[in-house]
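Have a look at the structure below, then the notes.
Since the structure is predicted, the reported quantities are computational estimates derived from the model, not experimental observations.
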Amino acid sequence: ARLAVMDQVGPDYAGFRAEIRPLVVASRSDPSLNDEVIRLSEEAANLPSEEFKHPLARIIGLTGLAQLYLRREVGRVDDAIMLINEKILPLNHDLDKPFNGWDLRSELVKNGRVAFPYLQLARAYRLKKNFVRAFNALDTAWAIDPSNYLLDPHENVRASDIYTAVYADALEINPNDPRALNWRDRVRNITQN
């Protein structure tokens, strides 16, 4: 049945989301579109109707914006960290429960939470060479979901790709880093199964 809240978010969702999605895909091969994609994504994230959406839908959209900030050619790492810590993580609870009539289901939700925002946080801290915080974020992600789930079907990015990037960079700095070595072993275990 159609929910009353759909009328509140529908026009914004149809307008902005319809504009953004093709631009995001095109920006993967044409970085000159990044600024426009970010502008539209920021506008969409700040629409009043966002408050009516299920937190999981909001997390997905905001995490996409954080990923845009983390693109090499964009380089807004501090903005990504702030967005994740201040807007995304506070929403990351009770995602398995209905909200405003929305009852969203996702295999990525484990015990009411999702792990992928923590993986993006780990990516951000990796770019800043802050491996203590990067590994802390990975530990939290792993505690939520230790599987090798698909993060981005368009680019075939899996959780293990983020784990590997973090531990590999840490091992370049310190080949004996115990946390990095532990992560290397964990990743081998999930990618071999």
### Partner of Ser160 under side chain to side chain donor-acceptor pair (under 3.5 Å), chosen from Asn189, Asn148, Thr191
Asn148
### Query
Looking at Arg28 and Asp152, what are the two nearest heavy atoms and their distance?
NH2-OD2, 3.4 Å
### Task
Applying side chain to side chain donor-acceptor pair (under 3.5 Å), name anything that partners Glu42, two or more places apart in sequence or on another chain.
Tyr69, Arg76
### Query
Which atom pair, heavy atoms only, marks the closest approach of Asp103 to Pro98?
OD1-CG, 4.1 Å
### Message
Main chain of Lys97, side chain of Asp94: is a donor-acceptor contact present, judged purely on distance under 3.5 Å?
### Response
no
### Query
Just how far is it from atom CZ of Arg113 to atom OG1 of Thr140, taken to the nearest 0.5 Å?
7.0 Å
### Task
Determine whether more than 12 heavy atoms belonging to other residues, nucleotides or ligands lie under 6.0 Å from atom CG of Asn85.
yes
### Query
Going from CG on Asp177 to CG on Asp169, what distance comes out if it is rounded to the nearest 0.5 angstrom?
11.5 Å
### Task
Tell me, yes or no, whether the heavy-atom count around Asn182 atom CG, taken from other residues, nucleotides or ligands under 6.0 Å, exceeds 12.
yes
### Nearest heavy atoms of Tyr118 and Asn92, plus distance in Å
CE1-ND2, 3.6 Å
### Query
Do NZ/NE/NH1/NH2 and the carboxylate oxygens of Asp78 and Lys128 come within less than 4.0 Å?
yes
### Query
Are side-chain heavy atoms of Leu121 and Leu89 found at a separation under 4.5 Å?
yes
### Query
Taking everything shown except Lys110 itself, do over 12 heavy atoms lie less than 6.0 Å from its NZ?
yes
### Side-chain donor or acceptor of Thr63 paired with backbone N/O of Ile60 under 3.5 Å
no
#### Entry: Leu68-Val157 co-clustered via ILVMFWY side chain contacts under 4.5 Å
yes
### Query
When rounded to the nearest 0.5 angstrom, what distance separates CG in Leu95 from CD1 in Ile59?
4.5 Å
### Query
Can you check side chain to side chain contact (heavy atoms under 4.5 Å, CB included) on Asn111 and Ile144, steps first, answer last?
CA-CA 8 Å; Asn111 295 317; Ile144 295 169; over 6 Å; no
### Query
Which heavy atom of Leu138 sits nearest a heavy atom of Ala122, and at what distance?
CD2-CB, 3.4 Å
### Query
So, Asp145 side chain and Val114 main chain: donor-acceptor pair closer than 3.5 Å or not?
no
### Query
Using the ring of each side chain (for Trp, its six-membered ring), is Trp183 parallel, tilted or perpendicular to Trp142, with breaks at 30° and 60°?
perpendicular
### Query
Above 12 or not: heavy atoms from other molecules or residues under 6.0 Å from CD of Glu107?
no
### Message
Show the nearest heavy-atom pair for residues Ala45 and Glu50, with the distance to one decimal.
### Response
O-CG, 3.6 Å
### Task
Would you please test Phe116 and Ile162 for side chain to side chain contact (heavy atoms under 4.5 Å, CB included) and show each step?
CA-CA 10 Å; Phe116 60 84; Ile162 306 294; over 6 Å; no
### Query
Ala57 and Lys53: which non-hydrogen atoms are nearest, and at how many Å?
CB-CE, 4.0 Å
### Query
With a 4.5 Å heavy-atom cut-off, do Met82 and Lys87 have their side chains touching?
no
